[in-house]
There are 2 protein chains.
Amino acid sequence: MHDQRPSGRQLFDALQPADLATRVADEVLDAIGDGRLRPGDKVADARLAKELGISRAPVREGLRLLESQGLIVSHPRRGFFVHSYDADELKEVYDLRECLELHAAEAAMSRMTPADLDRLAAQVKLLHDLATEGQTQEQVVQDFAFHRMLCELGGNSRILRLFDQIAAEMRAGIALVGQLYSDPSEIARTHDPIIDALRARDVDRLREELREHLQDAQIHVVRLFRTGALNPARTEDLSEAERRLILR
Amino acid sequence: MHDQRPSGRQLFDALQPADLATRVADEVLDAIGDGRLRPGDKVADARLAKELGISRAPVREGLRLLESQGLIVSHPRRGFFVHSYDADELKEVYDLRECLELHAAEAAMSRMTPADLDRLAAQVKLLHDLATEGQTQEQVVQDFAFHRMLCELGGNSRILRLFDQIAAEMRAGIALVGQLYSDPSEIARTHDPIIDALRARDVDRLREELREHLQDAQIHVVRLFRTGALNPARTEDLSEAERRLILR
DNA sequence: TATATTTCAACTGTCGACAATCGACGGTTT
DNA sequence: AAACCGTCGATTGTCGACAGTTGAAATATA
């Protein structure tokens, strides 16, 4: 049973009086995540402010919050845009993800309890189940959840925060595609060796398997990007003016 | 003689219309870097705006830019503050730095040319020279420059950007101390094994040496932090109200 | 003297407004 | 027909203002 009486511990999280700027940032984040805003789209502060029913100041502040995360770019005197990748940059994001996750996973291995390992394994099992049920949308979500758990177990909140930022960017890309793998069970299967390595407490193998897993994912995404499915800035979708805008 | 007629090549660099927000961010960054603003300090947008001779809107936008980098924290209805570390967080920053630099250095090893290696070696030589001349301030700057070169050679601009962000935070800490090592030549010496490993193209040794080097630095900083030299939030320096502010 | 209450100036979050600038459009020239 | 140019509406960057809070000094209370 849990404690009945209020102890010295804090019982409630301080509910923070969220300022509009952060709420705007969250809102835009969601919109990017579910594809309402697509990479390359212009985000006119005046328009957004009107839609949200607030003034432009907090909207601009919210967009600035996203700017240094790399999700939004501002071209001075031209406005804010949802950041749009080229193939090289996509590679860099995946490289960074590999960097962070390998480091976190390595730390996780020495920090995690048997219960943690069970939770990770259960998560992979969930991925398998979702694959057989054909719930690909939910599978993508739970895939991210697995990798997030790994980062969390690494114990560095800073790295976890960066993972979350990158995850938001990748979700933006995935929202455009809808489905990443032709074979949904492939997602699940490629997680098994990672669990095995963790169970064996074999650092080198963990690094190797995780690296391979991530590079697999990278190849899938980059290929889709090259074929145009992930690329919002397909030349034929752009007016001449918009193209010049992106080029400068 | 140069060409007389304009050719197809570009003749002018695009002069970028720097908006005030980013300039404010740079300004605050500098102030944090050289110790004019210390961790924990309040940054009142109204005051800053008056000092800079501009209005509050771009100041707030600039601070928001720094907020998601973690350098500035905003407590709603209370204002902006220069982020102040506890020991745990300092450890996390160094852990992240290790993560990024090891990854970048590993990539750098396979990408760099002999000329790049010479430049790195020359930079370490510079560190030695500065040590004998007793130029500790400049040595810290050039120390960062060395590690930045390493990250740059890694070829991932995303990682380089993160390094720059972290570097800004660490400079903030170092500005408080003034001098990190009791023996300035120690800074220089601890770089030698890294060059050796690079020269030998030995990945494992590079990782090992670099990790040790960074953990060395971490120990120095954390120790100074614990003794209070680096800690701006020393209890005796804070009013009761300020303490409560930090605690919540 | 120490603690609780009130007062008050300073600051924050947000808004609406204005001038400067940008991209688009249409007319003009080669 | 293509390139150029100037105009126009739309949008941006910035500003000053206002109401609501906040922290701290001033005052009252024990």
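In the set dC22(C), dT12(C), dT14(D), dT12(C) carries the atom at the smallest distance from any side-chain atom of Ala44(B). Ranking dT14(D), dT21(C), dT11(D) by closeness to the Arg77(A) side chain, first place goes to dT21(C).
One interatomic measurement links the two molecules: CD of Glu61(A) to C1' of dT14(D), which rounds to 13 Å at whole-angstrom precision. In this structure, the CG atom of Leu20(A) is 4 Å from the P atom of dT14(C), given to the nearest Å. Rounded to whole angstrom, the span from the CG atom of Asp45(A) across to the P atom of dA10(D) amounts to 16 Å. Whole-Å rounding puts the Lys42(B) NZ to dT21(D) C1' distance at 11 Å. Atom CD1 of Ile72(B) is separated from atom P of dT12(C) by 12 Å (rounded to the nearest Å). Rounded to whole Å, atom P of dT12(D) lies 11 Å from atom CZ of Arg47(A). One can place CZ of Phe81(B) at 12 Å from P of dT22(D), the figure rounded to the nearest angstrom. Put simply, CD on Glu67(A) is 14 Å from P on dT12(D), counting in whole angstrom units.
For dT12(D), the OP1/OP2 oxygens have no side-chain nitrogen or oxygen of Arg78(A) closer than 4.0 Å.
A side-chain donor-acceptor contact under 3.5 Å links Gln123(A) to the backbone of Gln142(A). Looking at Ser68(A), its side chain never comes within 3.5 Å of a backbone N or O of Leu66(B) through a donor-acceptor pair. Using a distance-only test at 3.5 Å, with no hydrogens or angles considered, no donor-acceptor pair links the side chain of Arg148(B) to the main chain of Asp164(B). Within the 3.5 Å criterion, the main-chain N or O of Arg78(A) finds a donor-acceptor partner in the side chain of Lys42(A). Under a 3.5 Å cut-off, the side chain of Glu92(B) and the backbone N or O of Ser157(A) do form a donor-acceptor pair.
If you check residues 50-57 of chain A against DNA chain C, the residues with a heavy atom closer than 4.0 Å are Ile54(A), Ser55(A), Arg56(A), Ala57(A), listed by number.
In this structure, His147(A) has its ring center no closer than 6.0 Å to that of Phe163(A).
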